[in-house]
> 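Pasting a structure here, questions to come.
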Amino acid sequence: NTRPQFTENLEAGLKWHIRSGLDFTAAVFNLDRESYTSIDPNNAARIITIDGSKTTGFEVALEGYLTDAWSINTGYTYMDGRVEDISATGVQVGVGGLDGNKPRQLPEHMFSIWNNYQVSDLFSVGLGATYQDSFFVREDNTVEVPSYIRFDAAAYYDVSDDLRVQVNIENLLDESYNPDAHSNDNISTGKPLNARFTVSTRF
């Protein structure tokens with residue numbers, strides 16, 4: 001028994017074509033949410049309604065070729081959010097004590113970079129990293145998932161104009177990390193060191 005959730009997003013951005021094959025983009029944003037549901041921090045079987053939240057931030061990205069052989073795709077995002085909940089305790093009207101807390105699963109900083117280098121006409125390699133800042137699982141802010149950085153790599157070989165073989169290696173350093181969470185006592189774990197082999201063709 002809740003009213004519909006309302007969202008309002010304001011965003012402004014720009015794109016700079018630095019040169020042929022290389023672009024820089026940036027954007028600032030403000031996201032307001034009203035009347036959304038969450039889990040009661042004191043009773044996981046109970047749904048509560050939170051008055052709203054406000055998130056502001058910006059993102060920047062650089063994509064394209066730095067040299068004839070080296071291409072890059074990188075981006076950074078910053079987000080600052082707060083819960084706005086001043087209702088009295090109750091299933092329909094929310095749970096007091098959350099006002100001013102961080103919204104759920106909102107890392108303050110995120111960064112990713114992927115480099116690809118063309119070693120020869122037929123062979124290329126890739127190397128990248130992904131960073132995610134710590135975040136709170138729920139609006140009660142009692143359980144915090146730690147930050148992590150993960151490194152990935154890849155290699156590509158063009159057997160012919162129509163056939164490519166490649167290997168992608170994820171979590172190159174076999175780090176333990178938690179990319180996601182469902183509730184305060186149900187937190188996902190990231191994959192250990194793993195590889196994926198692919199053969200692709202065009203016709």
> Which atom pair, heavy atoms only, marks the closest approach of Asn9 to Phe29?
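Of all heavy-atom pairs spanning Asn9 and Phe29, the closest is OD1-CB, 4.3 Å.
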> Could you give all pairs that pass the side-chain hydrogen bond (donor to acceptor under 3.5 Å, both in side chains) test and reach residues 104-115, with sequence neighbours left out?
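Qualifying pairs, neighbours excluded: Ser38-Arg104, Trp70-Asn115, Tyr76-His109, Tyr78-Glu108, Arg104-Glu139.
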> Do Ile187 and Ile149 belong together in a cluster built from hydrophobic side chains that touch within less than 4.5 Å?
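The answer is no; the residues belong to distinct hydrophobic clusters.
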> Checking Asn141 side chain against Lys102 main chain: does a donor-acceptor pair fall under 3.5 Å?
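Present.
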> Quick one: CZ on Arg33 to OG on Ser53, what's the gap to the nearest 0.5 Å?
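Going from the CZ atom of Arg33 to the OG atom of Ser53 covers 5.0 Å.
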> Examine Val125 and Val199 and state if one hydrophobic cluster contains both, with Ile, Leu, Val, Met, Phe, Trp and Tyr joined whenever side-chain heavy atoms are less than 4.5 Å apart.
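Per the 4.5 Å side-chain linkage, Val125 and Val199 are co-clustered.
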> Could you give the distance from CD1 (Ile72) to OG1 (Thr67), rounded to the nearest 0.5 Å?
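So the CD1 of Ile72 and the OG1 of Thr67 are separated by 10.5 Å.
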> Of the non-hydrogen atoms in Pro103 and Thr55, which two are nearest, and what is the gap between them?
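In terms of heavy atoms, the two residues are closest at CG-OG1, 4.4 Å.
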> Would you say that Glu170 contacts Arg150 through its side chain, given a criterion of any heavy-atom pair below 4.5 Å between the two side chains?
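With C-beta onward as the side chain, the pair touches.
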> Distance check, rounded to the nearest 0.5 Å: Arg196 atom CZ versus Ile169 atom CD1?
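If we round to the nearest 0.5 Å, Arg196:CZ and Ile169:CD1 are 11.0 Å apart.
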> Might you point out which heavy atoms bring Ala27 and Glu11 nearest each other, and give the distance in Å?
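So the minimum-distance heavy-atom pair works out to CB-OE2, 3.7 Å.
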> Do you reckon Leu22 sits in the same ILVMFWY cluster as Tyr117, going by side-chain contacts under 4.5 Å, direct or chained?
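Same cluster: Leu22 reaches Tyr117 through Ile, Leu, Val, Met, Phe, Trp or Tyr contacts under 4.5 Å.
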> Minimum heavy-atom separation for Gly190 to Pro179, with atom names?
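Heavy atoms only, the tightest pair is N-CD, 3.5 Å.
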> Between Met79 and Pro107, what is the shortest heavy-atom contact and its length?
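It is CE-O, 3.5 Å.
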> According to the side-chain hydrogen bond (donor to acceptor under 3.5 Å, both in side chains) rule, which pairs have a member within residues 119-131, sequence neighbours left out?
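Qualifying pairs, neighbours excluded: Tyr131-Asp133.
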> For Asp161, look at atom CG and say whether over 12 heavy atoms of other residues, nucleotides or ligands are found less than 6.0 Å away.
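Open: at most 12 neighbouring heavy atoms sit under 6.0 Å from CG of Asp161.
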> Are Val159 and Leu122 packed together at the side-chain level, in the sense that at least one heavy-atom pair is separated by less than 4.5 angstrom?
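The answer is no; the side chains never approach within 4.5 Å.
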> Any donor and acceptor pair, going by atom type alone, linking the side chain of Arg138 with main-chain N or O of His182 inside 3.5 Å?
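Yes.
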> Over all heavy atoms of both residues, which pair between Asp174 and Leu193 is shortest? Give the atoms and the distance, please.
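Shortest heavy-atom contact: OD1-N, 2.9 Å.
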> Does any part of the side chain of Asp99, heavy atoms only, come nearer than 4.5 Å to the side chain of Asp51, both counted from C-beta?
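Side-chain contact under 4.5 Å: no.
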> For Glu34 and Glu8, run side-chain contact (heavy atoms from CB on, under 4.5 Å): C-alpha distance rounded to whole Å, both residues' side-chain angles, the deciding distance at 0.1 Å, then the answer.
CA-CA 9 Å; Glu34 293 183 16; Glu8 181 181 88; over 6 Å; no
> Tyr157 vs Phe123 aromatic rings, parallel, tilted or perpendicular, using cut-offs 30° and 60°?
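Tilted, since the angle between the ring planes falls between 30° and 60°.
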> Taking C-beta and beyond as the side chain, do Tyr148 and Glu175 meet within less than 4.5 Å on heavy atoms?
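SC-SC contact between Tyr148 and Glu175 ruled out.
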> In sequence, state the C-alpha distance, the side-chain angles, and the governing distance for Leu62 and Ile18, and then conclude on side-chain contact (heavy atoms from CB on, under 4.5 Å).
CA-CA 10 Å; Leu62 180 67; Ile18 300 174; 3.9 Å; yes
> Rounded to the nearest 0.5 Å, what's the gap from CE on Met110 to OG1 on Thr77? Could you check?
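OG1 of Thr77 is found 4.5 Å from CE of Met110.
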> Take Thr49 and Ser35 through the test side-chain contact (heavy atoms from CB on, under 4.5 Å) and record every step on the way to the result.
CA-CA 6 Å; Thr49 302; Ser35 186; 3.7 Å; yes
> Please report the C-alpha distance between Phe136 and Thr142 in whole Å, then the side-chain angles of each, then the deciding distance to 0.1 Å, and finally whether the side-chain contact (heavy atoms from CB on, under 4.5 Å) criterion is met.
CA-CA 7 Å; Phe136 291 106; Thr142 58; over 6 Å; no
> Determine whether Leu163 and Val167 fall in the same hydrophobic cluster, where Ile, Leu, Val, Met, Phe, Trp and Tyr are linked whenever their side-chain heavy atoms lie under 4.5 Å apart.
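Result: yes, single cluster for both.
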> Between the main-chain N or O of Tyr65 and the side-chain N or O of Arg19, is there a donor-acceptor pair closer than 3.5 Å?
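Such a contact is found between Arg19 side chain and Tyr65 backbone.
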> I'd like to know if the side chain of Gln166 pairs up with that of Asn168 as donor and acceptor (distance under 3.5 Å, no hydrogens or angles considered).
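Judged by distance alone, the side chains do pair up.
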> Working to the nearest 0.5 angstrom, can you tell me the gap between Asn178 CG and Phe135 CZ?
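It is 7.5 Å, given to the nearest 0.5 Å.
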> With a 3.5 Å distance limit and no angle check, can you tell me whether Thr201 reaches the backbone of Asp162 through a side-chain donor-acceptor pair?
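At least one qualifying donor-acceptor pair exists.
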> Tell me whether Leu172 is reachable from Ile113 by hopping between hydrophobic residues (I, L, V, M, F, W, Y) whose side-chain heavy atoms are closer than 4.5 Å.
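Same cluster: Ile113 reaches Leu172 through Ile, Leu, Val, Met, Phe, Trp or Tyr contacts under 4.5 Å.
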> CD1/Ile39 to CZ/Arg46 distance, rounded to the nearest 0.5 angstrom?
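Output value for this atom pair is 11.5 Å.
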> Using only atom types and a distance under 3.5 Å, with no angle test, would you say the side chain of Asn171 pairs donor to acceptor with the backbone of Lys191?
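Side chain of Asn171 to backbone of Lys191: a pair is present.
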